[in-house]
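Take a look at the structure set out below.
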Amino acid sequence: MIDINFLRAEPEKVRDLLKIKNYDLKIDLFRDIDSERKTLQVLVEDLKGQKNNLSKEFGELKKNNQDTSELSNQLKEIKKRLEEKEDSLNTILSGLRDFLLDIPNIPHKDVEPGSSEEDNKVIRTFGDIQKKDSIDHLDISSDIDIESAVKIAGSRFAVLNNDIAKLHRALISFMLDIAEKNGYEERYVPYIANSKSLVGTGQLPKFEDDLFKVSDDLYLIPTAEVPLTNLFADSLLEKDSLPAKVTSHTPCFRSEAGSYGKDTRGLIRQHQFEKVEIVQVVHPEKSDEALEDLLSNAEEVLQLLELPYQVVQLCGGDLGFSSSKTYDIEVWLPSQNKYREISSCSNFTDFQSRRSKIRLNDDGHKVHPHTLNGSALAVGRTLIALIENLYDEKELILIPKPLQKYLNKEVIKVK
RNA sequence: GGAGAGUUGGCUGAGUGGUCGAAAGCGCCUCCCUGCUAAGGAGGUAUACGGGUAACUGUAUCGAGGGUUCGAAUCCCUCACUCUCCGCCA
């Protein structure tokens, strides 16, 4: 949620800043709602004040055994008006809330305009692209079993067998250990979250269609960002507890509504996938450097695995709803002959902390700290990248040295 | 699933219909005293949202939501959560 006071003070500025994100802020609508809110709020609070005062008088009269009938009538009158006006106020307030919850985060000053992925800027690359046009992971290993998954749950799921399942599991431990080495505390968290948490991190109310709903108010998490960030919800953090750095491995569940026909083959886009997420909560002045730090933590995983990748900075049009600045890490996939997203590292500034009521005691001033997160990394896509990049074209996948001890193997035989 | 107890400010914890935004303690801040990493004394110290240039001031908040009442932290109902016991269970 953006700061309503900023919006009140400089609506044109906010509107212009959001244009870069292709969001059309309705300033006039906001002004109308907010001024009606103000009128009604002043009126309602005044009526309540009158009611409180008269009730006190009423008590006095009662105590002295005096006649209360006149006061009683006045009170009835006020209560009637109050009820009406309060209803109107509540309607306005919930409208205002909906309006505010719909507004995306303001992009960072570094963010450049652009309408889509095409306009993202490559920041750096790592490693050499060794192979092109090779066969894809499904053709390399028959231990990725899509058909069985279809039988169990339908499309966009997978069953992994034997060494591929173990490699998948090894990657998770490997990534968690790197995160721990980099100062993130490990957490085991719920894989289901309530709507309040999802509103806090920004998935709701706008993107309900992307989620799997399991009951009235509960959803499968689309990312560990939700539980990890909400660990801090409704709390007042002390300055010396920052930066707070946490990590978790979780499955992630995404309905992938609207992506029909996209990435239908293989593990690239699944309803369920594993991810190791890293989250930081930092002092507002430290989030720029924290994002670079977090990004480097994610890159480290790919470097150790010797997988070629590039880092891109997202342009305004490609930036997520809650993010002010995002770097994507894209790993090279030989079968697709291109780089594909394997991590997304974002600075959410105070957007999430305002929604989740995360506060920081900054020398007596209560401020909203900044939250950041990134994948380090998406496990399924890392698995694909490993298989495709490290397949020796014979029947072996060559396991990178740092990963070997997690697997107790130097190579995996395939087919 | 059954029975009971609870949920109060940054923390601990009192408060069973108005004088309660709420005792007391802890913590924190300011000052005083003390020449020494201590002790003591005085005062201050919730949050959110409004109105006002400001001093200041209004409203709301005692788990959440409803109800009773002129008036609710306090009474009633529903729900959530915590704890204890029983049952069940990985």
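Proteins get letters first, then strands, A, B, ... in listed order; numbering begins at 1 in each. Scope of the values below: all heavy atoms of this structure, side chains included, with no hydrogens, waters or symmetry mates.
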When you compare the protein's N or O atoms with those of nucleotides 55-58 of chain B, which come within less than 3.5 Å of each other, and at what distance?
{"residue": "B:G58", "atom": "N2", "partner": "A:Glu45", "partner atom": "OE1", "Å": "2.9"}
{"residue": "B:G58", "atom": "N2", "partner": "A:Glu45", "partner atom": "OE2", "Å": "3.2"}
{"residue": "B:G58", "atom": "N3", "partner": "A:Glu45", "partner atom": "OE1", "Å": "3.4"}

Polar-atom pairs under 3.5 Å, protein N or O versus N or O of nucleotides 65-70 of chain B: list them with distances, or write none.
{"residue": "B:C70", "atom": "O3'", "partner": "A:Lys79", "partner atom": "NZ", "Å": "3.4"}
{"residue": "B:C70", "atom": "O2'", "partner": "A:Ser55", "partner atom": "OG", "Å": "2.9"}
{"residue": "B:C70", "atom": "O2", "partner": "A:Ser55", "partner atom": "O", "Å": "3.4"}

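Computed from coordinates, the A:Lys357 NZ to B:A46 C1' distance equals 17 Å when rounded to whole Å.
At a threshold of 4.0 angstrom between heavy atoms, the contacts of A:Lys76 with the nucleic acid are absent.
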Could you tabulate the donor-acceptor pairs under 3.5 Å formed by side-chain atoms of residues 36-44 of chain A, not counting sequence neighbours?
{"residue": "A:Arg37", "atom": "NE", "partner": "A:Gln41", "partner atom": "OE1", "Å": "3.0"}
{"residue": "A:Arg37", "atom": "NH1", "partner": "A:Asp34", "partner atom": "OD1", "Å": "2.6"}
{"residue": "A:Thr39", "atom": "OG1", "partner": "A:Ser35", "partner atom": "O", "Å": "2.9"}
{"residue": "A:Gln41", "atom": "NE2", "partner": "A:Glu45", "partner atom": "OE2", "Å": "3.2"}

May I have the list of side-chain donor-acceptor pairs in residues 398-407 of chain A shorter than 3.5 Å, sequence neighbours left out?
{"residue": "A:Gln404", "atom": "NE2", "partner": "A:Ile399", "partner atom": "O", "Å": "2.9"}
{"residue": "A:Tyr406", "atom": "OH", "partner": "A:Asp177", "partner atom": "OD2", "Å": "2.6"}

Sequence neighbours left out, cut at 3.5 Å: what donor-acceptor pairs do the side chains of residues 147-155 of chain A make with other protein atoms?
{"residue": "A:Ser148", "atom": "OG", "partner": "A:Asp145", "partner atom": "OD1", "Å": "3.3"}
{"residue": "A:Ser148", "atom": "OG", "partner": "A:Asp145", "partner atom": "OD2", "Å": "2.3"}

Less than 3.5 Å apart, which donor and acceptor atoms pair up between the side chains of residues 80-87 of chain A and the rest of the protein, not counting sequence neighbours?
{"residue": "A:Glu86", "atom": "OE2", "partner": "A:Lys48", "partner atom": "NZ", "Å": "3.0"}

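For A:Asn161, the side chain to side chain donor-acceptor pair (under 3.5 Å) criterion is met by no residue, not counting sequence neighbours.
If you find the closest nucleotide of RNA chain B to A:Arg8 and to A:Gln50, the one lying nearer the 5' end belongs to A:Arg8. Two residues, A:Leu236 and A:Asn5, neighbour RNA chain B, and the one matched to the more 5' nucleotide by heavy-atom proximity is A:Leu236.
The separation of B:C77 from B:U68, taken at their P atoms, amounts to 15 Å, rounded to a whole angstrom. Taking the C1' atom of each, B:A80 and B:U30 are spaced 42 Å apart, rounded to whole Å.
OP1 and OP2 of B:G10 both lie 4.0 Å or more from every side-chain N or O belonging to A:Arg359.
Every pair passing salt bridge (Lys or Arg N to Asp or Glu O under 4.0 Å) that includes a residue from residues 227-236 of chain A is listed here, sequence neighbours excluded: A:Lys196-A:Asp234. Sorted by first and then second residue, the ring-ring contact (aromatic ring centres under 6.0 Å, His included) pairs involving residues 50-90 of chain A (not counting sequence neighbours) form an empty list. A side chain to side chain donor-acceptor pair (under 3.5 Å) check over residues 249-261 of chain A, counting only residues at least two apart or in different chains, returns the pairs A:His249-A:Glu274, A:Glu256-A:Ser259, A:Glu256-A:Arg269. Listed by first and then second residue, the ring-ring contact (aromatic ring centres under 6.0 Å, His included) pairs that reach into residues 138-164 of chain A are A:Phe157-A:His271, sequence neighbours excluded.
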State the dot-bracket string of RNA chain B. Criteria: Watson-Crick or G-U wobble, both atom distances under 3.5 angstrom; notation: ( ) intrastrand, [ ] crossing earlier pairs, | interstrand, . unpaired.
((((((((.[[[..)..(.....]]]((((((.......))))))((((((....)))))).[[[[[..)....]]]]])))))))....
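The aromatic ring centres of A:Tyr309 and A:Tyr339 sit 6.0 Å or more apart.
At least one side-chain heavy atom of A:Asp318 sits under 4.5 Å from a side-chain heavy atom of A:Cys315.
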